[in-house]
Asker: 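Mind having a look at this structure? Questions to follow.
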Amino acid sequence: MGFRIEKLRVLRENGQDPYQITTARQTHHAAEIVADFERLENETVSVAGRLLARRGMGKVSFADLLDRSGTIQVFSRLNNLGDDSYAAWQNLDIGDLVEVTGEVFRTKMGEISVRNMEWRLLAKSLRPLPEKFHGLRDTDTRYRKRYLDLIVNPEVRETFIKRSRIISFMREELERRQYLEVETPLLNTIPGGAAARPFVTHHNALDLDLYLRIAPELYLKRLIVGGLERVYEIGRNFRNEGMSNRHNPEFTMLELYEAYGDYHSMMELTEALISGACMEINGTYEIAYQGTSLSLAPPWRRMTMVEAVREYVGIDFDLIETDEEAREAARARGLEDVPARMTWGEALSECFEEFAEQHLIQPTFILDYPIEVSPLAKIKQGTNGRLTERFEIFIYGREHGNAYSELNDPFDQARRFDDQKRRREAGDEEANLPDYDFIEALEVGMPPTGGLGIGIDRVVMLLTDQPSIRDVLLFPTMKPLGE
RNA sequence: GCACCAUUAGCUCAGUUGGCAGAGCAACUGACUCUUAAUCAGUGGGUCCGGGGUUCGAAUCCCCGAUGGUGUACCA
């Protein structure tokens, strides 16, 4: 680093402080020059970017210049630049940001290059970059210093470009379907719409504790009451829970609501969004995730939770009448934690999560969740009030989304909130909090509505074959390093 | 939260039974007018994650701590 600072000092003394430069010429990008070589050959272009590798041959040298599209080779020759300019070029360091102008041509070895006829140092790099060949491997450094990761690991840049394209695709698809993009509060007085522990913060002027939202659901449904009919929000949710390769404390959800839809229309939309995004970035529905072949071609398999438990767990909850029988069956199958008050629905849900989820590798909609775990979903008729019109999306054994026919009966919603309140008082810190203003909104009248939430980070992991959620978040949550 | 593993030069990694701290790339000096992990010759570079202990002697063994990874618990 010392040598580089000294070089900068000399430049400044000679009135060539690169940090004073305010504009640069960049007529083309690296990938464009390679792709359009036939048309650009012998044309003069200006490229700008970071010097990555250099191969000096004495009076001739080669360098790789990285811009947002990729790398292009720069060919520099003493004859073209003159003594001073060539010497200064040779004095550059890997990592320096430069602008180069010259003709596009192909070298003797066939490499498409820019002939350096004129160049400027745009900014000095004072710290050495990680090694070009092995790249930066250490996950700690990669996540904490993502700028280095992006410079030296090209596939990382590709992943985040794909993430952006996936989200753009979903916006476009919802736009086509005449959805309105909205924004609702991140600072909540009642953290609702999900079962999760919130982060707490404080508003000084109001002397009021506020919660970072755990889901936008209750706000978005108020907008359905307000007549916007089709709304969506792509934004951050915050949940104060454990971290893993699938969980980050802040994560991105797509939530949407469609008046006059139900959970069946949400299935079709789910396929359009996820399969469509897959086709958009991969050009196929057939992908591999961590070595496992997956087919995202719609329509996806649909099965009820009762069917899934029957098939993968070997218990037929349709044949079980009482809570006691359900507990007995679950215990007999090996479910470990079976409290004495466990209900039929809880036993079904626990058996599913414990023994069935892991088998759902190919995309599968699991339908009809027990009412106890679905306080915001409409009752499915013909199930004695035990089940709701709800589904979750499982791919590679992981949940990727959740949808309901939204509960719009204010009396029923009030009873469900009361039930959640009892669970909370019984020690369940993650039970939903009652939101009486939301019930008032339902009293004004909410049309039958389908709602859907998709975990964007997990979809990006899936479609870009990344093993950890931290690989699809530019700045995943990290513990600070001690002093 | 618990368990296991990792942490050595700017980066990627070796380091045997406890006995002089190593390599490649990067850097520095020089040679080289079509290279592409350029090549060739030479040089410098260390808080072995931090703290404590055992020992004549610790990168190596023990204890405590930090950060990361994996698994697990928790988790719409």
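Below, chains carry the letters A, B, ... as their sequence lines are ordered, and counting in each starts from 1.
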Asker: Which value, in whole Å, describes the distance between the P atoms of nucleotides B:rG50 and B:rG24?
Answerer: 25 Å
Asker: Please state the P separation for the pair B:rA23 and B:rG15 - nearest whole angstrom.
Answerer: 15 Å
Asker: What is the distance from CG of A:L66 to C1' of B:rU36, rounded to the nearest Å?
Answerer: 15 Å
Asker: Tell me which nucleotide among B:rC11, B:rC13, B:rU35 gets nearest to the side chain of A:Q73.
Answerer: B:rU35
Asker: Can you tell me, in whole Å, how much space there is between the C1' of B:rG51 and that of B:rU7?
Answerer: 16 Å
Asker: Figure out the CE/P separation between A:M253 and B:rC75, and round it to whole Å.
Answerer: 17 Å
Asker: Can you tell me the base-pairing partner of B:rG42? Count Watson-Crick or G-U wobble geometry only, both distances below 3.5 Å, and say none if there is no partner.
Answerer: B:rC28
Asker: I need the CZ-C1' distance between A:R54 and B:rA38, as an integer number of Å.
Answerer: 13 Å
Asker: Would you mind pulling out the nucleotide paired to B:rG1, Watson-Crick or G-U wobble, both distances under 3.5 Å?
Answerer: B:rU72
Asker: Specify the separation, in whole Å, of atom CZ of A:F62 and atom P of B:rU39.
Answerer: 14 Å
Asker: Does B:rG10 have its OP1 or OP2 closer than 4.0 Å to a side-chain nitrogen or oxygen of A:K145?
Answerer: no
Asker: Using whole Å, what does the distance between atom P of nucleotide B:rA6 and atom CZ of A:R137 come to?
Answerer: 18 Å
Asker: Measuring only the C1' atom in each nucleotide, how far is B:rG65 from B:rG71? A whole number of Å is fine.
Answerer: 23 Å
Asker: At 4.0 Å (heavy atoms only), tell me whether A:G193 reaches a base, stays on the sugar-phosphate, or touches nothing.
Answerer: base
Asker: Which is true for A:Y143 with a 4.0 Å heavy-atom rule: it touches a base, it touches only sugar-phosphate, or it touches nothing?
Answerer: sugar-phosphate
Asker: Want to settle it: does A:A53 or A:T107 sit nearer the 5' end of RNA chain B, counting the closest nucleotide to each?
Answerer: A:T107
Asker: Between B:rC34 and B:rC49, how far is it from one C1' atom to the other, in whole Å?
Answerer: 46 Å
Asker: When you compare B:rC2 with B:rG44, how far apart are their C1' atoms, in angstrom units rounded to a whole number?
Answerer: 47 Å
Asker: Measure from the side chain of A:F3, starting at C-beta and using heavy atoms only, and say which of B:rG69, B:rU12, B:rC28 lies closest.
Answerer: B:rC28
Asker: Looking across every strand, which nucleic acid part, if any, lies under 4.0 Å from A:G135 by heavy atom: base, sugar-phosphate, or nothing?
Answerer: sugar-phosphate
Asker: State whether a side-chain donor-acceptor pair under 3.5 Å links A:H264 with A:R302.
Answerer: no
Asker: State whether A:D138 and A:R142 are salt-bridged, where the test is any N-O pair (Lys NZ or Arg NE/NH1/NH2 against Asp/Glu carboxylate O) under 4.0 Å.
Answerer: no
Asker: What's the gap between B:rC75 and B:rA58 when it is taken at their C1' atoms, as a whole Å value?
Answerer: 44 Å
Asker: Taking A:F391 as the fixed residue, which of A:F365, A:Y404, A:Y369 is the one that meets the ring-ring contact (aromatic ring centres under 6.0 Å, His included) rule?
Answerer: A:F365
Asker: Going through the checks in order, is the salt bridge (Lys or Arg N to Asp or Glu O under 4.0 Å) test met by A:R213 and A:E233?
Answerer: CA-CA 13 Å; A:R213 74 170 175 202; A:E233 179 165 9; 2.9 Å; yes
Asker: Rounded off to whole Å, could you give me the CG-to-P distance for the A:L78 and B:rC32 pair?
Answerer: 11 Å
Asker: Taking for each residue the nucleotide of RNA chain B with the nearest heavy atom, is it A:V60 or A:N432 whose nucleotide lies nearer the 5' end?
Answerer: A:V60
Asker: Under 4.0 Å: is that the gap between some side-chain N or O of A:R55 and OP1 or OP2 of B:rU35?
Answerer: no
Asker: Using a cut-off of 4.0 Å on non-hydrogen atoms, how would the nucleic acid contact of A:R246 be classed: base, sugar-phosphate, or nothing?
Answerer: nothing
Asker: Say you pick atom P in B:rU70 and the same atom in B:rA31; how far apart are they, in whole Å?
Answerer: 49 Å
Asker: If you check the A:E131 side chain, which of B:rA76, B:rG24, B:rC28 turns out closest?
Answerer: B:rG24
Asker: Show the numbers, then the answer: is there a side-chain hydrogen bond (donor to acceptor under 3.5 Å, both in side chains) between A:T449 and A:E406?
Answerer: CA-CA 5 Å; A:T449 295; A:E406 301 296 334; over 6 Å; no
Asker: Both distances under 3.5 Å, Watson-Crick or G-U wobble: report the partner of B:rA9, or none.
Answerer: none
Asker: Checking all strands, does A:N79 fall into the base, sugar-phosphate, or nothing category for heavy-atom contacts under 4.0 angstrom?
Answerer: base
Asker: Determine whether A:F394 and A:F352 satisfy the following criterion, ring-ring contact (aromatic ring centres under 6.0 Å, His included), listing intermediate values before the conclusion.
Answerer: CA-CA 12 Å; A:F394 290 90; A:F352 172 75; 5.4 Å; yes
Asker: Out of B:rU35, B:rA76, B:rG24, which has the shortest distance to the side chain of A:M109?
Answerer: B:rU35
Asker: Under 4.0 angstrom, heavy atoms only, what part of the nucleic acid is A:P476 near: base, sugar-phosphate, or nothing?
Answerer: nothing
Asker: Closest approach to the side chain of A:M57, judged atom by atom: which nucleotide of B:rA76, B:rA38, B:rG68 is it?
Answerer: B:rA38
Asker: I need the NZ-C1' distance between A:K479 and B:rG50, as an integer number of Å.
Answerer: 15 Å
Asker: What's the NE2-C1' distance between A:H247 and B:rG1, to the nearest Å?
Answerer: 15 Å
Asker: Using both distances under 3.5 Å as the test, list the Watson-Crick or G-U wobble partner of B:rU35, or none.
Answerer: none
Asker: Looking at B:rC49, which nucleotide sits across from it as a Watson-Crick or G-U wobble partner, both distances under 3.5 angstrom, or is there none?
Answerer: B:rG65
Asker: When you get a sec, tell me which of B:rC34, B:rA37, B:rU33 is the closest nucleotide to the side chain of A:K59?
Answerer: B:rU33
Asker: Which listed nucleotide (B:rA76, B:rA37, B:rA27) is nearest to the side chain of A:F133?
Answerer: B:rA37
Asker: Going by atom types only, do A:R390 and A:S374 share a side-chain donor-acceptor pair under 3.5 Å?
Answerer: yes
Asker: Do the charged groups of A:E250 and A:R236 touch, with an N to O distance under 4.0 Å?
Answerer: yes
Asker: Where the side chain of A:M478 is concerned, which of B:rU12, B:rA76, B:rG68 is the nearest nucleotide?
Answerer: B:rG68
Asker: If only side-chain N and O atoms of A:R470 are considered, is one of them under 4.0 Å from the OP1 or OP2 phosphate oxygen of B:rG69?
Answerer: yes
Asker: From B:rG68, B:rC34, B:rC11, pick the nucleotide closest to the side chain of A:R144?
Answerer: B:rG68
Asker: Determine the contact category for A:Y404: base if any of its heavy atoms lies under 4.0 Å from a base atom, sugar-phosphate if only primed atoms, P, OP1 or OP2 are that close, otherwise nothing.
Answerer: base
Asker: Which residues satisfy the side chain to side chain donor-acceptor pair (under 3.5 Å) test with A:R55, sequence neighbours excluded?
Answerer: A:D64, A:Q73
Asker: Can you find a side chain N or O atom of A:K108 that sits less than 4.0 Å from OP1 or OP2 on B:rU35?
Answerer: no
